[in-house]
Amino acid sequence: MDFTFTDEQTMLFDMTTRYLGNEYGFEKRASIIASDAGMSEAVWRGIADLGLLALLVPEENGGAAAGPVETMLVMSAFGKALLVEPYLASAVVATSAIARLGDARQRETWLEPMGAGDLIAIVAHDEPHGGATRATAVGGGFLLDGRKTMVAHAGRAGLLLVSARSDDGAVGLFAVDPAQPGVKLVTYPTVDGGRAADVVLSQVHVADANRLGAGDVSEDLAAILDIGLAALCGEALGVLQRSLDATIEYTRTRKQFGQPIGKFQALRHRMADMLIHVEQSRSMAYLAAVRADEADVAVRERALSAAKVVVGEACRFVGQQAVQLHGGMGVTDELDVSHCFKRLFAIEKTFGSTREHLSRFSRALVA
Amino acid sequence: MDLSFTAEDQAFREEVQAFLRDHLPAGVRHKVLNGMHLERDDYLAWQHALHARGWGGPSWPEKFGGTGWSPVQQYIFDSTCSEAGAPRLVPFGLKMVAPVIMAYGNEAQHKRFLPPILAGEEWWCQGYSEPGAGSDLASLKARAVRDGDHYVVNGQKTWTTLGQYADWIFCLVRTDPEAKPQRGISFLLIDMKTPGVTVRPIITMDGAHEVNEVWLEDVRVPVENLIGEENKGWTYAKFLLGHERTNIAGIGIAKRELARLKRLALTEVREGRPLLEDPLFAVQVARLEIELTALEITNLRVLSAEAENRAPGPEASILKIKGSEIQQGILELMTEAVGLQALPYRREAMGAGYQGDYPVEGHALTPTMQYLNLRKLSIYGGSNEIQRDIISQMILGL
Ligand SMILES: Cc1cc2nc3c(=O)[nH]c(=O)nc-3n(C[C@H](O)[C@H](O)[C@H](O)COP(=O)(O)OP(=O)(O)OC[C@H]3O[C@@H](n4cnc5c(N)ncnc54)[C@H](O)[C@@H]3O)c2cc1C
C-alpha cells in the first residue's frame, strides 16, 4: 500500500499549478470564456511547451507515455484553475483513442502534432435522441450519416473521431476532417464557460485508411471513455477543493451579527460535511486512476462507476453549499464560486450522471 | 377531520379556472409553462387582467379595493393560477409595501399609493438589503438626515429585484445612528426618478439581469413619504416580513413544475423506454411528489389556524424551507431528465419565439438556467439557515 506520489509526479503537479497560477487567474479566464473562440491559443501553446499535451502520447511518437495517475494530478490542477481549454477531450480522450486503436501510420500522423500542440482532435461519441450515427460501406471506405452532440470545441478541432455503427452492428471509429464536405457544425457555448457543437454528418466519406481499429471497437471505446472518466474525477477534485477553500475564506471574512459567519456552528458543520465529500472524492479519484487501465473489464467498470457516484454527489453537495454559504454573493457571476458551481454541475453530467453510474453499479451486483 | 375543500371553495376554484381560461394571455402562459424569461409587460398584462376583473388585490381587504378573500381562498387562487401557468404576482407592491401602507400609513398615503399598485400602474421594489446588511438586516447603514421638510438619503442598497423596472422603492434607512440598531430605523418611500438614485445591474450566474445595486446619493425625499413614525421602521419591516405567508411555500408553482418534470421524463427516452420508467429516476420523482403532498397539507394546516385567527407564527419557516428545497429539487431533476442537453447554454431559449439553429427544442434548454436561478430560493427572504434559527428559537424555545 502506497499513497505517495513519486518525485516526478509531484514535480509535474507543481509545475502545472505554477504555470496556471501565473497564466490563468480569474480575470484572465473571464476574458477567455467571453472571447469568440472560447479558448486561449497562448495557453494551449503554454501547456504544450510544458509537455502536458504529450503526457499520454507513446514514447515512439515523441510522448511521455505517462498514465492515469499523472493525468489525475494534472487534471486536478486544471480543475482548480477552471481551465476551459479542451485538454480532457484532446490530450486525454482522443490521444488515448488513437494510441489504443490507431495503426503505426495513424499514430505518427496524428499523435505527434497533437503532443506538440499543433493539432486538436476530439472524439465525437455522444448522440442526441434520434442521432444514431451510421457507417455504410462503399468502395474503399465508408459513408457516415447522423448526429453527434456536445462535442467539445469541435469548432477549433482539426480532427474529429466519430463513432458510428455499420450495417452488421459493429461500432467503428472514423477520422473525419471537420472541413470535409457533408460535415456541419452547430456550435454553442456551454453552461460552464466552455464551447461545444453538434456535429451533423450527411454522406461524409471516410477512406479505409482513416478508420481506427478493425471490427467492433465498442469495448475499446468504453475503455477509452473510462480513461476520460478517471481524468474527469481528477479535475473534479480541483474544482471541489477550490469551492471549499473559497467558502472557508469567505466565511472567515464575511461578518454578520458582529462576527464572522464562519463562527456559526450551522455553517461550520456544513463545511465539515463539504470536506468529507472532498476527501471521499479524493479517495475515489485515486481508485479511478489506479483502475482506469485495469484489464478485467468488470473490475474496471465497477470501480469507475463507484468513483463517479461519489464524485457526482460531492459535486452537487459541495457546489450547492458553497453557493449557499456565500449568500447573495454566491449567485453572482462576479465570484469564482458560481463558476465552480457550474463546472461541478457539468462534471456531474459528463461521462454518465450519478444516476447512470449507480444504475450500472447496481446491475453488476447480481452479475 | 376532513381534508377536502368545501363546496363553496370548489366552486371558487372553478370560477378562477374559468377566468384563467379566458383571460390569461396565451403568450405569457406559454412562457411560464416552459420556464422562460418573463418581461415587465408580461407581469403587467396579468395584473391588468386581474384588476379588470376586480381581483387586482387577492390578499387585500375590500376596504382598499381588494377581494377580501379568506386565507384559504387566497391559497386556492394562488395555487390555481400557478398551476395554470399564470406568472407570480410581483410581490413588492401588492404583498409587501401595500400591507405596510394600509397598516401604518396615513390616509393621504393610502390614496396616493394603493390604487396604482392595484391597477398595475406603478412598480415597486424592495430596498432592505445592503452590502454589509443581509441576514443581519438591522445593521443597515443607509442614512437619512432631516433637512426642513425633506430627508436627505445617502447609502447603498443591493440585490434589489427588478429594480430596473421600478417606479418606487421602499427603503429602510437609519435616522438615529445613536440608538440601538433596531431602534434608529425608518421606513421611507422613494421615487426612483429622484435625482441621486442610480440603478446598476448585477448579473447572476444564469446570465440574467434580475437584481441590482441601488445607489442613493443626496436623494431628497419629502417627509410625507415617511411611513408611520420616525425610528419605528423596524416594527413595520418585521410586520412586512411576517405578512406574506399564504404563498410562501409555493405549492402551486411546485405542482406545476412537477407536472412539467413528468412530461419531460415521459418524452425523454433512455434505452428505448421513457425515462420515467427507469426505477432510479422514478424513485426521485416519487420522493419529491410525496414531500410535496406532505407540505401541501402542512400549508393547509397553517392556513386553517390563520382562518381561526390563531396568528400563524414561526410555522411559516417550515413552509419556506421545505418549499424552497422542493422547488430546487424539481428543477435539479429536470436537468437530469434532459441529459446532456442540460449543458448547452442558450440564453435566447429563455425568450419568446426562440428559433435558434439549435435543434433541441427550447424545453430542453431552459431547466438548467432555472436551476441556476433558483439557488436564490434558499438564500433570500431570510436564508434557510436563518429560518432554522427561527424554528429552533421560536418553536423549540432553544
Ligand atoms: C436573487 C436575490 C434577490 C433578492 N432580492 C432582494 C430584494 O428585492 N430586496 C432586498 O432588500 N433584498 C433582496 N435580496 C437579499 C437577500 O434578502 C439576502 O441575500 C439575504 O438576506 C442574505 O443576506 P446576504 O446575501 O448578505 O448573506 P449573508 O447574510 O452574508 O449570509 C451568508 C451565509 O451565512 C449564513 N448565515 C448568516 N447568518 C447566520 C446565522 N446567524 N446562523 C447561521 N447561518 C448564518 C446565511 O444563511 C448564508 O448561508 C435578494 C437576494 C437574492 C440572492
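All chains are named by letter (A, B, ...) in the order of the sequence lines, taking the proteins before the strands, and each is independently numbered beginning at 1. Note that these values count all heavy atoms, side chains included, but never hydrogens, waters or copies made by symmetry.
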Only one of A:Arg147, A:Lys148, A:Lys184 passes salt bridge (charged side-chain N to carboxylate O under 4.0 Å, His left out) with A:Asp198; say which it is.
-> A:Arg147

Toward chain B, the part of A:Ser359 with a non-hydrogen atom under 4.5 Å | both

Most heavy-atom pairs under 4.5 Å with chain B, out of A:Lys349, A:Gln324, A:Glu356, belong to A:Gln324

Heavy atoms, side chains only, cut-off 4.5 Å: are B:Pro274 and B:Val269 in contact?
-> no

Tell me yes or no: between the side chains of B:Gln328 and B:Ser378, is some donor less than 3.5 Å from an acceptor?
-> yes

For chain B, the option from A:Asp126, A:Val191, A:Ile261 that forms the most heavy-atom pairs under 4.5 Å | A:Val191

For each of A:Arg195, A:His339, A:Glu334, A:Arg254, tally heavy-atom pairs with chain B at distances under 4.5 Å, and name the one with the top tally.
-> A:Arg254

So, the part of A:Phe341 with a heavy atom under 4.5 Å from chain B: the answer is side chain

Can you say whether B:Asp278 sits under 4.5 Å from chain A via the side chain, the backbone, both, or neither, judging by heavy atoms?
-> side chain

Region of B:Pro131 in contact with chain A, defined by heavy-atom distances below 4.5 Å | backbone

Side chains of A:Val123 and A:Val162: does their closest heavy-atom pair fall under 4.5 Å?
-> no

If the plane angle is over 60° it's perpendicular, under 30° parallel, otherwise tilted; pick one for A:Tyr250 and A:His326.
-> parallel

How long is the gap from CD on B:Glu325 to CG on B:Leu288, to the nearest 0.5 Å?
-> 11.0 Å

Cut-off 4.5 Å, heavy atoms of chain A, and the answer for B:Glu336 is both

Answer yes if the side chains of B:Glu332 and A:Gln320 hold a donor-acceptor pair under 3.5 Å, and no otherwise.
-> yes

Which bit of A:Leu335 is near chain B, if near means a heavy-atom gap under 4.5 Å: side chain, backbone, both or neither?
-> neither

Any side-chain donor near an acceptor of the partner, A:Thr354 and A:Glu348, under 3.5 Å | yes

To the nearest 0.5 Å, how far apart are CZ in A:Arg156 and CG in A:Leu185?
-> 13.5 Å

Do B:Arg200 and B:Trp215 meet the cation-pi criteria used here (NZ or CZ under 6.0 Å from the six-membered ring centre, within 45° of the axis)?
-> yes

Part of B:Ile386 within contact of chain A (heavy atom distance under 4.5 Å) = side chain

Quick one: is the NZ or CZ of A:Lys255 closer than 6.0 Å to the six-membered ring centre of A:Phe257, and within 45° of its axis?
-> no

Going by heavy atoms in the side chains, are B:Met334 and B:Glu257 under 4.5 Å from each other?
-> yes

Heavy-atom proximity to chain B below 4.5 Å, by part of A:Ala196 | neither

Top residue by heavy-atom pair count (under 4.5 Å) with chain B, among A:Ser353, A:Gly328, A:Ala266?
-> A:Gly328

Pairs of heavy atoms under 4.5 Å with chain A: top-ranked of B:Ser383, B:Ser139, B:Gly339, B:Gly132 | B:Gly132

In terms of heavy-atom pairs under 4.5 Å, which option from B:Thr335, B:Asp389, B:Thr368, B:Asn384 contacts chain A the most?
-> B:Thr335

Turns out that what part of B:Phe281 lies under 4.5 Å from chain A's heavy atoms comes down to both

Please state whether the side chain, the backbone, both or neither of B:Ala208 comes within less than 4.5 Å of a heavy atom of chain A.
-> neither

Of the backbone (N, CA, C, O) and the side chain (C-beta and beyond), which part of A:Lys342 lies under 4.5 Å from a heavy atom of chain B, both, or neither?
-> side chain

Identify which part of B:Arg347 has an atom lying under 4.5 Å from any heavy atom of chain A, answering side chain, backbone, both or neither.
-> neither

A:Arg316, part contacting chain B, at a heavy-atom distance under 4.5 Å = side chain

